[in-house]
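Whatever order the structure lists them in is the order used to number ligands and atoms, beginning at 1. Please read all numbers here as calculations on a predicted model, not as lab measurements.
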Amino acid sequence: MKEQTLSIIKPDGVRKNLIGEVIQRFEKNGLTPIAMKMLHLTKTEAEGFYAVHKGKPFYDSLTDFMSSGPIVVMILEGEEAINKNRELMGATNPEVAAEGTIRRQYADNIEQNIVHGSDAPETAKTEIAYFFNALEVCPRP
Ligand code: ADP
Ligand code: MG
């Protein structure tokens with residue numbers, strides 16, 4: 001089924017000059033960017049995005065990290081886009097992520113792991129709405 005998912009190249013991915021590399025993986029694997037922007041989140045905006053993790057021990061550090069530099073936010077569209085993106089990303093912890101995945105190849109640790117991807121249709125919807133309005137989405141035939 002054709003789906004949309006939210007992808008973020010996190011501050012470490014931008015700092016490591018991996019924007020092109022990450023987007024190329026998506027485009028080569030049937031995930032088409034239909035909306036995209038670069039922005040630098042405030043701490044409060046990062047907390048809002050990761051509200052689901054509020055109360056976890058890593059929440060404060062994670063939101064500091066996510067507001068530490070510019071990020072690239074995208075909507076990816078394609079067949080099974082949510083799971084496909086998660087496959088390309090690899091597991092949260094790069095040490096256990098599968099060979100060849102973005103996180104295995106580029107991430108330094110479980111927090112600074114280069115990319116974010118929505119984990120289910122409902123979260124994809126909420127996360128897309130957090131960053132994009134209808135005018136910013138460019139569906140492609
Ligand atoms: P994922 O991004 O793979 O969906 P989670 O939703 O569980 O992973 O966590 C969100 C983000 O929080 C992770 O991508 C990572 O940046 C950070 N994170 C998760 N678990 C930890 C942890 N144990 N220690 C530090 N940071 C973590
Ligand atoms: Mg998650």
Pairs of nitrogen or oxygen atoms, one from ligand 1 and one from the protein, closer than 3.5 Å: please tabulate them with distances.
| unit_1 | atom_1 | unit_2 | atom_2 | d |
| --- | --- | --- | --- | --- |
| ligand 1 | 2 (O) | Arg103 | NH2 | 3.0 |
| ligand 1 | 3 (O) | Arg86 | NH2 | 3.3 |
| ligand 1 | 3 (O) | Thr92 | OG1 | 2.5 |
| ligand 1 | 3 (O) | Arg103 | NH1 | 3.0 |
| ligand 1 | 4 (O) | Arg86 | NH1 | 2.9 |
| ligand 1 | 4 (O) | Arg86 | NH2 | 3.2 |
| ligand 1 | 6 (O) | His53 | NE2 | 3.1 |
| ligand 1 | 8 (O) | Thr92 | OG1 | 3.2 |
| ligand 1 | 14 (O) | Lys10 | NZ | 2.9 |
| ligand 1 | 14 (O) | Asn113 | ND2 | 2.9 |
| ligand 1 | 16 (O) | Lys10 | NZ | 3.0 |
| ligand 1 | 16 (O) | Glu111 | O | 2.7 |

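Panel note: side chain Lys84, backbone Phe26; no donor-acceptor pair is recorded below 3.5 Å.
Using a 4.0 Å cut-off between charged nitrogen and carboxylate oxygen, Arg86 and Asp119 do not count as a salt-bridge pair. For the pair Glu99 and Arg104, the salt-bridge criterion is met [side-chain N within less than 4.0 Å of a carboxylate O].
Residue-environment remark: NZ (Lys43) exceeds the threshold of 12 foreign heavy atoms within 6.0 Å.
Seen from the ring of Phe132, Lys37 counts as a face-on cation partner, given the 6.0 Å and 45° thresholds.
Grouping the Ile, Leu, Val, Met, Phe, Trp and Tyr side chains by contacts below 4.5 angstrom, directly or via other members, places Ile34 apart from Ile9.
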